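The structure appears below as structure tokens.
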Amino acid sequence: MHKHILDAVYGSVIGGAIGDALGAPVEGWYCQEIREKFGRVTDFSDTKRGNAPNGPGGVTDDTVLSLYVSLAIIRQQGRITPDDLAQVWLEKGDNPHFWTNERLTLLKLQAGMNPWD
């Protein structure tokens with residue numbers, strides 16, 4: 001791959017993580033609710049919901065999952081299948097950022113569930 005493509009991918013992953021960390025405290029809120037409470041979100045703040053376990057500036061499961069997809073793509077040098085992504089999940093195991101649905105998915109994979117299901 002050309003260096004500028006790798007730079008673009010890296011920037012995309014880092015930009016996504018920064019946006020995830022900024023948005024973690026207001027995840028699931030309506031725009032009006034955010035405007036009323038914060039005006040604009042411009043700083044990292046603590047999330048009382050536990051969706052960013054590393055505190056202000058911490059990422060959520062969204063970033064973890066995008067990193068898992070990225071790792072699977074790197075390993076396969078391109079397109080991936082559910083099997084490829086499942087392999088990463090199984091290798092990485094449980095993650096403190098995971099919510100119930102991701103933990104259940106991991107348990108199902110560990111029990112032998114077909115990733116295509």
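It should be emphasised that the depicted structure is a prediction, and the values quoted were computed from it without experimental measurement.
- Here the side chain of Arg103 pairs a donor or acceptor atom with the backbone of Phe98 at under 3.5 angstrom.
- Distance check: Ser12 OG to Asp7 CG gives 12.5 Å after rounding to the nearest 0.5 Å.
- In this structure the side chain of His97 never reaches within 4.5 angstrom of the side chain of Asp62, judged on heavy atoms.
- To the nearest 0.5 angstrom, Asn114 atom CG is 6.5 Å from Asp83 atom CG.
- Residues Ile18 and Phe44 come closest through the heavy atom pair O-CE2, 4.0 Å.
- The two residues Ala86 and Pro115 have their closest heavy-atom pair at CB-CG, 3.5 Å.
- One hydrophobic cluster holds both Leu90 and Val64 under the rule that ILVMFWY side chains link at heavy-atom gaps under 4.5 Å.
- Tracing side-chain contacts under 4.5 Å through hydrophobic residues (I, L, V, M, F, W, Y), one reaches Leu106 starting from Met113; they form part of the same cluster.
- Residues Tyr68 and Val9 do not share a hydrophobic cluster, defined by chaining ILVMFWY side chains whose heavy atoms lie under 4.5 Å apart.
- Note: Ser66 OG to Ile73 CD1 = 10.0 Å, rounded to the nearest 0.5 Å.
- When all heavy atoms are compared, the tightest approach of Glu102 to Trp99 is OE1-N, 2.7 Å.
- Taking Thr63 as the reference, Asp20 meet the side-chain hydrogen bond (donor to acceptor under 3.5 Å, both in side chains) condition, with sequence neighbours excluded.
- Remark: side-chain polar atoms of Thr105 are paired, donor with acceptor, to backbone N or O of Asn101 under 3.5 angstrom.
- Pro56 has its side chain out of reach of Ser45: every pair of non-hydrogen atoms, C-beta onward, lies at least 4.5 Å apart.
- More than 12 heavy atoms of other shown residues, nucleotides or ligands fall within 6.0 angstrom of atom CZ in Phe38.
- Leu109 contributes atom CG, which lies 11.0 Å from atom CG of Leu104 (distance to the nearest 0.5 angstrom).
- Looking at Asn95 and Trp89, their side chains never come closer than 4.5 Å, going by heavy atoms from C-beta outward.
- No continuous path of hydrophobic side-chain contacts links Leu67 to Val69 [ILVMFWY only; heavy atoms under 4.5 Å].
- Pairing each heavy atom of Ala17 with each of Val59, the nearest pair is O-CG1, 3.7 Å.
- The two atoms that bring Ile80 and Asp84 nearest to each other are CA-OD2, 3.3 Å, heavy atoms only.
- Counting heavy atoms of neighbouring residues, nucleotides and ligands inside a 6.0 Å radius, atom CD of Glu36 exceeds 12 of them.
- Thr42 approaches Leu22 most closely through the heavy-atom pair C-CD2, 4.1 Å.
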